[in-house]
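Each ligand, and each atom within it, is numbered from 1 in the order the structure gives.
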Amino acid sequence: MPHQIARVALDVPLPRLFDYRGSGLAEADVGRRVKVPFGRKERVGLLLDIADTSDCPPEKLKAVLAVDRQQAPLADDVLALFRFCADYYHYPVGQIALAALPTALRRWQFQAPGPVIRFALTPAGRQALPADLPARAVAQRRLAARLASGPAASTELGALCGNAAPVLRAWLQKGWLKTVQEDAAAQQAAPPRLREEQQAACDAVSARLGEFAPFLLHGITGSGKTEVYLRLVEQVLAQGRQALILVPEIGLTPQFTQRVAMRFPATAISVLHSGLAEGERLTRWQSAQAGRARIVLGTRLAVFTPLPELGLIIVDEEHDASFSQQEGLRYSARDLAVFRARQREVPVVLGSATPSLESWHNAAAGRYARLTLAARATGASLPALGLIDTRLEKLDEGLSRPALKAIGDTLGRGEQALVFINRRGYAPALHCPACAWVAPCPRCSARLTLHLRERRLRCHHCGHEERIPAHCPACGNPDIRALGQGTQRVEEALARHFPHAAVVRADRDATRRKGSWEAMQAQIHGGKADLIIGTQLIAKGHDFPNLTLVTVLDADGALFSLDFRAEERLFAQLMQVAGRAGRADKPGQVLIQTGFPQHPLFAHLLAHDFAGFAREQMDLRRAGMLPPFSRQAVLRAEAGRLADALDWLAAARALAPASPTVEVFQPVSAPMLKKAGLERAQLWLQSVSRSDLQQLLREWAPKLHQLPARNVRWQLDVDPVEN
Ligand code: ADP
Ligand code: ZN
Ligand code: ZN
């Protein structure tokens with residue numbers, strides 16, 4: 001062999017591979033990590049190809065320093081997924097590939113994780129657990145409950161509790177646990193008999209196992225979608241294949257993870273999310289890659305996990321915005337899941353109570369098969385929805401009289417009430433009534449949020465913080481005031497109205513500390529909270545059986561937004577939060593305060609009519625030629641001065657090739673002009689044809705990388721979901 005050229009993907013913002021001299025490389029090394037010199041440093045890269053020629057003269061090429069043959073190489077389909085991403089999102093393949101690896105593997109040397117161990121309770125452990133645990137040890141209790149149902153692997157236990165290792169070690173020392181070799185037959189939570197609709201959905205998917213078949217599972221909250229997923233996973237496991245389940249945010253929904261673990265107690269499950277310690281993440285990822293983990297349950301990044309025996313992909317809450325990565329490579333994990341299902345020839349099930357209009361459109365066009373669950377699985381009735389017209393009411397800290405009365409009645413019956421307001425902090429603004437000054441963020445085009453308890457003003461966009469001023473900085477008036485309501489202020493008001501109720505506030509501020517969110521959920525479950533004030537955090541997938549009233553404060557912001565997706569998001573959010581009311585045997589009630597009760601969105605919402613809402617939105621989108629009836633991309637630029645960003649975009653626009661269908665709009669400033677000290681501008685592209693748009697981007701993107709960008713940072717966003 002005269003010359004061997006190693007083509008290496010590196011985490012460098014250039015849309016190309018880097019060539020090195022190789023020796024003794026074999027085809028089997030493709031997909032392995034390599035160490036290479038780059039500039040004056042050494043870097044870890046991924047060997048993507050072995051060639052015998054290079055555009056660079058061979059004597060100029062540097063040599064590969066080392067090949068990591070300890071780890072298994074990445075499989076071809078994962079490499080193909082990276083290439084597809086690079087091609088579709090016009091993003092450097094090396095940055096995609098290295099970001100998709102567990103962080104430990106991005107360094108050449110890393111601590112090899114320990115082996116997977118299986119644990120079982122001893123008779124002494126059965127006596128002591130959970131009785132001997134402190135009342136507040138929520139995570140330990142979860143471990144104990146899991147072990148009580150049968151032996152479990154360290155990986156699975158680690159999934160239930162972020163800090164499982166020291167706890168398990170302590171229990172081993174106390175003689176409560178023993179390690180076991182074999183999977184003991186564990187008792188399994190008995191699954192319910194499927195209802196007819198559920199059975200039909202299951203049958204439709206199982207008929208297509210072993211081929212590419214995309215499904216949209218549209219089922220109202222509590223209709224038994226999760227049960228359908230579990231049955232399908234069971235079938236796939238029985239065939240000796242792996243299942244990939246993607247969920248929006250695992251930290252928020254430990255119940256979901258627990259349900260999967262309980263249903264498959266003898267199955268190795270890898271749970272992958274961003275909150276994991278590095279070693280833990282590596283162990284779980286490698287367990288999936290080696291085919292040991294039979295179920296991978298993860299957030300968006302898990303879509304890149306190597307799965308040699310993949311048999312099924314499920315995307316729960318497929319409409320959720322957190323499937324869209326908004327930094328670095330801006331990708332949609334839902335769309336990549338569909339790509340992967342096609343690539344691997346397996347079914348993919350996208351489930352939601354309020355599907356994204358993109359998926360709805362795909363179902364209408366026959367590209368996805370639609371499965372519908374129209375009734376609640378437990379026979380519980382749907383909550384009764386009602387509006388409170390805030391124009392006719394005097395509000396006390398944002399709360400209307402009918403809302404307060406309904407809360408009082410609910411508490412009087414010994415049931416729980418939830419007040420939903422999607423604004424954390426005490427008040428969304430601090431203002432001076434004398435001169436109309438409003439505290440601005442010095443780095444963003446935004447107001448500062450008042451956090452009274454911490455005595456700080458905070459920017460929710462860039463994190464800027466400052467002290468609360470004693471006087472108005474503009475006119476000196478000492479009487480400056482909180483304007484509007486946030487969760488803290490509503491909490492205070494409710495505590496005043498209902499002094500005997502146990503009030504809990506569930507927002508990002510209250511749950512920042514690790515484990516506090518779980519403790520809070522246990523508190524609500526255990527009936528130790530009467531009144532809950534929450535943001536969207538609480539709207540996601542929690543099942544609180546004694547919760548019968550949901551009050552929504554101020555839903556109006558999204559009704560007149562410039563963002564054409566705002567109504568879609570609001571509808572999904574309101575449906576989701578409404579789904580929290582009355583899940584068990586008690587009927588639920590939902591009250592929404594609005595100044596626009598005539599808005600058509602509410603008519604559909606009150607009738608629980610997603611299809612009607614979708615039809616109306618689709619008409620608007622069609623009329624405006626907006627997605628899903630067209631495809632968009634946006635080129636974003638930011639700079640110290642807006643003019644620089646606009647100039648760069650104008651130069652970029654001049655380089656755009658002509659296309660029969662792609663409209664390239666003029667550069668404009670972003671809706672939120674300034675963020676974190678930089679001024680932002682954007683350039684939109686739109687076409688009825690995805691392939692025309694892609695064709696244009698393919699020619700254009702390389703030129704963008706060559707366009708000098710002094711003081712300007714830019715990025716291209718394909719299928720953007722934010723404006
Ligand atoms: P979704 O995922 O659509 O919100 P779940 O699968 O969580 O719905 O089901 C809601 C509740 O109904 C759960 O408590 C679940 O155990 C129960 N459930 C699901 N399917 C059935 C069934 N066929 N019979 C009885 N209960 C069911
Ligand atoms: Zn003033
Ligand atoms: Zn800011």
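- Between H460 and H451, the ring centre distance stays below 6.0 Å.
- Considering backbone and side-chain atoms together, T221 places no N or O closer than 3.5 Å to any N or O of ligand 1.
- Contacts between R231 and ligand 1 below 4.0 angstrom, taking non-hydrogen atoms only, are absent altogether.
- At least one N/O/S atom of C444, from backbone or side chain, sits under 2.8 Å from the Zn ion (ligand 3).
- At most 12 non-hydrogen atoms from other residues, nucleotides or ligands lie less than 6.0 angstrom from CZ of R447.
- Each of V346, D335, L307 was evaluated against R340; a single residue qualifies, L307, per the side-chain contact (heavy atoms from CB on, under 4.5 Å) test.
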Inset, instruction - Check step by step if side chain to side chain donor-acceptor pair (under 3.5 Å) holds for S322 and D320. - result: CA-CA 5 Å; S322 50; D320 198 292; 2.7 Å; yes
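- Because the distance cut-off is set at 2.8 Å, C441 qualifies as a neighbour of the Zn ion (ligand 3) through one of its N, O or S atoms.
- For ligand 1, none of its N or O atoms has an N or O atom of P192 under 3.5 Å away.
- Looking at ligand 1, you won't find any N or O of T378 less than 3.5 Å from one of its N or O atoms.
- Atoms of ligand 1 found under 4.0 Å from any heavy atom of R259, numbered from 1 in the order shown, are 5 (P), 6 (O), 7 (O), 15 (C), 16 (O).
- Contact annotation for L194 and ligand 1: only backbone heavy atoms (N, CA, C, O) come within less than 4.0 Å of the ligand.
- Comment: R334 does not engage E317 in a salt bridge, judged by the lack of any side-chain N to carboxylate O separation of less than 4.0 angstrom.
- Counting the atoms of ligand 1 from 1 in the order shown, those under 4.0 Å from a heavy atom of A377 are 12 (O), 18 (N), 19 (C), 20 (N), 21 (C), 25 (C), 27 (C).
- Centroid-to-centroid, the aromatic rings of H604 and F610 stay 6.0 Å apart or farther.
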Inset, instruction - Just do the side chain to side chain donor-acceptor pair (under 3.5 Å) check on N362 and E358 with the steps written out, would you? - result: CA-CA 6 Å; N362 279 327; E358 279 76 10; over 6 Å; no
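- Within ligand 1, counting atoms from 1 as listed, the ones closer than 4.0 Å to a heavy atom of R195 are 23 (N).
- Under the 6.0 Å distance and 45° angle rule, R370 counts as a cation-pi partner of W360.
- Under a 4.0 angstrom heavy-atom cut-off, S223 registers as being in contact with ligand 1.
- Taking the Zn ion (ligand 2) as the apex, the angle formed with SG of C475 and SG of C472 is 110°, to the nearest 10 degrees.
- At least one N/O/S atom of C459, from backbone or side chain, sits under 2.8 Å from the Zn ion (ligand 3).
- A salt bridge links R413 to E415: at least one charged side-chain nitrogen sits closer than 4.0 Å to a carboxylate oxygen.
- The residues R300 and E318 are annotated as not salt-bridged, no charged nitrogen and carboxylate oxygen being separated by less than 4.0 angstrom.
- Those atoms of ligand 1 that come under 4.0 Å of a heavy atom in I220, given as number and element, are 3 (O).
- Nearest to atom 20 (N) of ligand 1 by heavy atom, out of E197, R193, Q198, is Q198.
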Inset, instruction - Assess whether side chain to side chain donor-acceptor pair (under 3.5 Å) is satisfied between Q617 and E568, documenting all intermediate values. - result: CA-CA 8 Å; Q617 285 292 310; E568 180 183 352; over 6 Å; no
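- With a heavy-atom cut-off of 4.0 Å, R376 does not touch ligand 1 at all.
- Distances between N or O atoms of G224 and those of ligand 1 include at least one value under 3.5 Å.
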